[in-house]
Engineer: 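Can you read through this structure? Questions will come right after.
Quick note on labels: first sequence line is chain A, next is B, and so on, each numbered from 1. In this text, all values refer to a predicted model and were calculated from it rather than measured experimentally. In what follows, every heavy atom counts, from backbone to side chain, and hydrogens, waters and symmetry copies are set aside.
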2 protein chains.
Amino acid sequence: MRKSGRPTMVDVAAEAGVSFKTVSRVINGQPNVDPAMAERVLAAVDRLGYHRNALAASLRSGDRDTIGFIAADLSNTFYMAIAAAVSSAVSRERMHLVMASSEEDAATERALALDLCQRQVGGLVVVPTADDHSYLQREVELGTPVVFLDRPGSGIPADAILLDNRGGARAAVAELLEAGHRRIAVLLDARSIYTMAERWAGVEEAFAAAGREPDPALVVEGLHTPAVARDAMLRLLESDAPPTAVFCANNRVTIGVLEAILPRGADIALAGFDDFELSHLLPRRIRIVDYDIAGLGRLAAETLLARRNAPATGSHTHLVPTHLVDRGGVR
Amino acid sequence: MRKSGRPTMVDVAAEAGVSFKTVSRVINGQPNVDPAMAERVLAAVDRLGYHRNALAASLRSGDRDTIGFIAADLSNTFYMAIAAAVSSAVSRERMHLVMASSEEDAATERALALDLCQRQVGGLVVVPTADDHSYLQREVELGTPVVFLDRPGSGIPADAILLDNRGGARAAVAELLEAGHRRIAVLLDARSIYTMAERWAGVEEAFAAAGREPDPALVVEGLHTPAVARDAMLRLLESDAPPTAVFCANNRVTIGVLEAILPRGADIALAGFDDFELSHLLPRRIRIVDYDIAGLGRLAAETLLARRNAPATGSHTHLVPTHLVDRGGVR
DNA sequence: TTGAAAGCGCTAACAA
DNA sequence: TTGTTAGCGCTTTCAA
């Protein structure tokens, strides 16, 4: 064994007294090897504690068995759940998932994506923060498939896996309108975020279908944290004409609203986009726009893996359905 | 550019009309390069859309800039949160995190760990499922540091990051005893799991300190899911002598217990190990054994990275403190 | 069935 | 300051 490093195929070959190509054959389970020789090689492998260097192997063969995942914000349980789903789908194909977070920063996203490409990933799943992805153009051309998740990318041909944001929001608000509510508050994060814009569009569609339109005084946007959403809700409750119902455009907003409503037992109908842990134990009934979050991650992984083998025949956008469910109402 | 593949340093050198070592120097920002030459190289890089192959680079240099993380179960938000923390700590050092899940299976854990070692990871963070890790002996000897997280490993010299399970459980139960409770139920997952054994030991210590011991009729173990925990709690509530307080040994058990208690408004004092999302919005007050979960992941990453540079001077076990907090009580 | 030689794309000595 | 020559550990021809 050389200079105290890890043993190599050459070391194993020397130990077993065979050519180093024979070792390669045995290690890779290739046919046409004399069982006796294989036996000797395996014994040498064992004695030396040899492990194949997968990086060196892929250098020559060009095989890529790693997939990159860039989340927008890993501290958000939504993206963590997706990462877990992508990971398990990827490992089912005996591949690995390398995970990173852009922290909602376009430059970071770009640096991470390019870095992962340099690491020769076989594909990239990206929750985009940047609004131009032409920096990936070259990589896609060279055969690294990219799949956008949760938000669409732009500037390159790549598949996208999106939620039916519009339909989900529309259905939730339509229900509130049908129940006779006329003062419906709509609380959102910044409308510059793709999902927020879509959900807001769904809200408008629901109002339009009922021949009405949202009351600007009851619409609050830019609610980026539960605390901010809570304060906004408190102000609405204390206004001259408080809402009788509220639609929360994501789970952070929903949580903030609950923080405002629950302590004072305000009597308001609740609907929100995104389910969350323990929603079923809430004391108040709430309608939730739910969807298969693990399925979202799985679909992304499968779409990506399919691209690896198939020719780039136009990009496709998958719309993952949402459905309304009841949560809470536990006394 | 050769056979339609990605451009290499040789291609860039040809394009720029310089030697390929000069390209290497420019790409790696090494000193002693004529600015004019660097300019020409950079232009060629741009024209060709060249990106350095980080795998090939590390093959020769031996640099390892990837850390492996093996969770016991990525569908558990606890491990996902840890993974996120490890990821961000690792990327702060400009390294990458490869994520995998053993699904609580020892053979899977072993296969994943060995696989990651073959991929030349610079270190391994493992939430162990196997109870013998001597299979990693060789890798540790060869300089791949291993850090165990949440549960101790065995058979190899490796650092461990553990929670103060015993102290946390003891404090929670001691408080119930001090409040005068005499019929305290203790609900656990299987005691064969390290954390459960430790927490149970903490419970016994608290009882012993009060000159008492747990009532076997009120101790239920093997509660692996919220549903099972809920049913166990319901049986206790309906028994002849129901408990006046309950200690839940992890958050799954706590959730099951809440599912049993909340709908019927049973008047029972609650304490549980592990915080969970939205615990602060629960209608019932509950004492929680809390800890810094992100810090746990960060500490694991930092301990691992420190090992990479330092000599293997004996393994160290870090005990992460826990503290009791109030949750819930929102009407 | 086995082996020798030539790469993969890069870094690291060494020379010029 | 620049270039040359060896490798890193493996896979892939191609010949024996």
Engineer: Quick one: B:Leu55 CG to C:dC8 C1', roughly how many Å, whole number?
Structural biologist: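 That distance rounds to 11 Å.
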Engineer: Describe the nucleic acid contact of A:Arg25 in one word from base, sugar-phosphate, nothing, applying a heavy-atom distance below 4.0 Å.
Structural biologist: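 Base, at least one base atom sits under 4.0 Å.
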Engineer: Show the nearest heavy-atom pair for residues A:Pro7 and B:Arg138, with the distance to one decimal.
Structural biologist: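 Minimum heavy-atom contact is CD-NH2, 3.9 Å.
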Engineer: OP1 or OP2 of D:dC10 less than 4.0 angstrom from a side-chain nitrogen or oxygen of A:Ser58, does that happen here?
Structural biologist: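 Checking D:dC10 against A:Ser58, no side-chain N or O comes under 4.0 Å of OP1 or OP2.
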Engineer: Whether the side chain of A:Asn28 engages the backbone of A:Ser24 through a donor-acceptor N/O pair (distance < 3.5 Å, no angle test) should be reported.
Structural biologist: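 The answer is yes, because a donor-acceptor pair under 3.5 Å joins these two groups.
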Engineer: Tell me the interatomic distance from A:Leu59, atom CG, to D:dG9, atom C1', rounded to whole angstroms.
Structural biologist: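 Computing the A:Leu59:CG to D:dG9:C1' distance gives 9 Å.
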Engineer: What's the closest nucleotide to the B:Ser24 side chain, out of C:dT11, D:dG9, D:dT12?
Structural biologist: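 The listed nucleotide nearest to B:Ser24's side chain is C:dT11.
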Engineer: Answer yes or no: is there a donor N or O on one side and an acceptor on the other, between the side chain of B:Asp11 and the main chain of B:Thr8, under 3.5 Å?
Structural biologist: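 Yes.
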Engineer: Where the side chain of A:Ala56 is concerned, which of D:dT5, D:dG9, D:dT11 is the nearest nucleotide?
Structural biologist: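 Closest nucleotide among those given: D:dG9.
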Engineer: Closer than 3.5 angstrom, by distance alone: can the side chain of B:Arg151 be matched with the main-chain N or O of B:Pro128 as a donor-acceptor pair?
Structural biologist: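 Yes.
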Engineer: Tell me which nucleotide among D:dT2, D:dG3, D:dC10 gets nearest to the side chain of B:Ser19.
Structural biologist: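 Out of D:dT2, D:dG3, D:dC10, the nucleotide with an atom closest to B:Ser19's side chain is D:dG3.
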Engineer: What is the separation between atom CG on B:Asn28 and atom P on D:dT1, rounded to the nearest whole Å?
Structural biologist: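 Rounded to whole Å, this separation is 17 Å.
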Engineer: Round to the nearest Å and state the distance from A:Arg119 atom CZ to C:dG9 atom P.
Structural biologist: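 Answer to the nearest Å: 16 Å.
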Engineer: Under 3.5 Å, is there an N or O donor on one side and an acceptor on the other linking the side chain of B:Lys21 and the base of C:dA12?
Structural biologist: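 Such a pair exists between side chain and base.
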Engineer: Atom CE of B:Met9 and atom P of D:dG7: how far apart are they, to the nearest Å?
Structural biologist: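 Interatomic distance, CE of B:Met9 to P of D:dG7: 20 Å.
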Engineer: Roughly how many Å is it from CD1 in A:Ile27 to C1' in D:dG9, rounded to a whole number?
Structural biologist: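 Going from A:Ile27 (CD1) to D:dG9 (C1'), I get 12 Å.
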Engineer: Using whole Å, report how far CZ of A:Arg60 lies from P of D:dG7.
Structural biologist: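 Distance check: A:Arg60 CZ to D:dG7 P gives 19 Å.
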Engineer: Between atom CG in B:Asp63 and atom C1' in C:dT11, what is the gap in whole Å?
Structural biologist: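 That distance rounds to 10 Å.
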Engineer: What heavy-atom pair brings B:Phe78 and B:Leu296 nearest, and what distance separates the two atoms?
Structural biologist: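 Looking at all heavy atoms of both residues, the shortest contact is CZ-CD2, 4.0 Å.
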Engineer: May I ask you to verify if any side-chain N or O of A:Thr22 is less than 4.0 angstrom from the OP1 or OP2 atom of C:dG3?
Structural biologist: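 So the side-chain polar atoms of A:Thr22 do come within 4.0 Å of the phosphate oxygens OP1 or OP2 of C:dG3, strictly under.
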